[in-house]
Amino acid sequence: SKFNELVKRSGWSDYINTADSLYKITLFAPNNQAFEKHGWQDMSLEKWNKNNLRSIAQAHTLPFGWEQETAYGRKFQLYTALPSFQVYLDGTGEVQDTLNFYIPPNRLQTLQYPAPLKRINLIQGYYTNNGALYEIDGVFNPNVIVY
């Protein structure tokens, strides 16, 4: 997948490979359709800045094992492995009847962007002995320049 390629190219796979049964991690892996929606499907990752690729990979990683059952009926923030980057999880079903993530719009004086909130759905999850892997239908964008 494109996300797997991104993780390898960025060097973030070294971090992922340190996970074990005591030090678990969680990956939110965008599916290939998510990269298409984002407009990145045809871009060669060889041209991207590795540090920025690493930031994108970090934004999709939780430095602990997370189980989706804990989210039903709740809204909360998940702090990722990228310092000061978090996503919000909505498991209440008020907006969408699936577990979904969103990044709140940035506010600059009286301007708010992007609008409306971009929601990313959790498609399916896999539990492993060293954490969890979740397929999502969007890309968490930590606002890095990709080139």
Side-chain angles (χ1 to χ4, degrees), residues 1-72 74-91 95-96 98-108 111-147:
S1 79
K2 193 75 167 179
F3 184 70
N4 188 34
E5 184 184 344
L6 183 148
V7 167
K8 287 179 180 176
R9 172 84 176 126
S10 69
W12 192 240
S13 56
D14 293 341
Y15 174 82
I16 292 169
N17 292 333
T18 64
D20 58 29
S21 59
L22 296 176
Y23 180 72
K24 298 182 178 191
I25 65 165
T26 302
L27 280 180
F28 295 109
N31 58 26
N32 286 340
Q33 293 81 10
F35 282 96
E36 289 175 22
K37 284 194 294 188
H38 213 70
W40 292 353
Q41 76 278 8
D42 296 325
M43 296 174 68
S44 170
L45 294 179
E46 295 296 319
K47 297 179 181 177
W48 290 24
N49 179 299
K50 282 188 178 184
N51 291 329
N52 291 343
L53 286 175
R54 187 177 184 92
S55 293
I56 293 168
Q58 287 176 299
H60 288 83
T61 307
L62 299 179
F64 55 89
W66 178 78
E67 296 181 7
Q68 70 186 57
E69 291 82 21
T70 63
Y72 293 115
R74 303 172 58 197
K75 287 182 187 176
F76 55 89
Q77 289 177 303
L78 287 172
Y79 290 91
T80 68
L82 180 64
S84 75
F85 182 79
Q86 68 272 343
V87 294
Y88 292 81
L89 186 135
D90 186 350
V95 179
Q96 293 176 326
T98 62
L99 290 179
N100 59 91
F101 304 91
Y102 61 94
I103 300 167
N106 295 316
R107 186 173 289 279
L108 179 63
L111 301 175
Q112 194 174 30
Y113 61 94
L117 290 176
K118 178 180 158 188
R119 293 203 174 261
I120 297 171
N121 293 307
L122 190 145
I123 305 297
Q124 57 188 340
Y126 306 94
Y127 299 107
T128 65
N129 64 344
N130 62 350
L133 172 68
Y134 295 98
E135 178 187 353
I136 57 176
D137 70 355
V139 178
F140 298 153
N141 189 351
N143 296 323
V144 298
I145 298 171
V146 295
Y147 285 104

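Just so it is clear, the values below take in all heavy atoms, side chains as well, and ignore hydrogens, waters and symmetry mates. The first residue of the sequence shown is numbered 1, and numbering continues consecutively from there.
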Q. Where do Leu82 and Phe140 land on the side chain to side chain contact (heavy atoms under 4.5 Å, CB included) test, with the steps shown first?
A. CA-CA 11 Å; Leu82 180 64; Phe140 298 153; over 6 Å; no
**Q.** Phe64 and Leu78: CA distance, side-chain angles, deciding distance, side chain to side chain contact (heavy atoms under 4.5 Å, CB included) verdict
**A.** CA-CA 11 Å; Phe64 55 89; Leu78 287 172; 4.3 Å; yes
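Note: Ile56 CD1 to Phe85 CZ = 10.0 Å, rounded to the nearest 0.5 Å. Atom CD of residue Gln124 and atom OG1 of residue Thr98 lie 13.0 Å apart, to the nearest 0.5 angstrom. In this structure, OG1 in Thr18 is found 7.5 Å from CG in Asp20, a value given to the nearest 0.5 Å. To the nearest 0.5 Å, atom CG of residue Leu89 and atom CD1 of residue Ile120 are 11.0 Å apart. Going from atom CG of Leu6 over to atom CG of Leu53 covers 4.5 Å, rounded to the nearest 0.5 Å. Taking CG from Asn49 and CZ from Arg54, the interatomic distance works out to 12.0 Å, rounded to the nearest 0.5 Å.
Remark: the backbone N or O of Asn121 is paired with a side-chain donor or acceptor of Asp137 at under 3.5 angstrom. No donor-acceptor distance shorter than 3.5 angstrom exists from the side chain of Lys2 to the backbone of Leu45, with no hydrogens or angles considered.
The side-chain heavy atoms of Phe28 and Thr80, taken from C-beta on, include no pair separated by under 4.5 Å. Side-chain contact between His60 and Val139 is present, with heavy atoms from C-beta onward closer than 4.5 Å.
Under the rule for a side chain to side chain contact (heavy atoms under 4.5 Å, CB included), the partners of Asp90 that lie at least two apart in sequence or sit in another chain are Lys75, Thr92, Val95, Asn100, Tyr102, Arg119. Residues forming a side chain to side chain contact (heavy atoms under 4.5 Å, CB included) with Gln68 (at least two apart in sequence, or on another chain): Trp66, Tyr72, Leu99, Leu122, Tyr127, Tyr134.
The minimum heavy-atom distance between Phe3 and Pro30, with the atom names listed, is CD1-CD, 3.4 Å. Residue Pro63 comes nearest to Ala81 through the heavy atom pair CD-N, 4.0 Å, listed as atom of the first residue, atom of the second, then distance. For the residue pair Ala19 and Ile25, the shortest heavy atom distance occurs at CB-CG1, 3.8 Å.
The side-chain hydrogen bond (donor to acceptor under 3.5 Å, both in side chains) pairs that include a residue from residues 7-17 are Trp12-Thr61, Tyr15-Tyr23, where partners are two or more places apart or lie in different chains.
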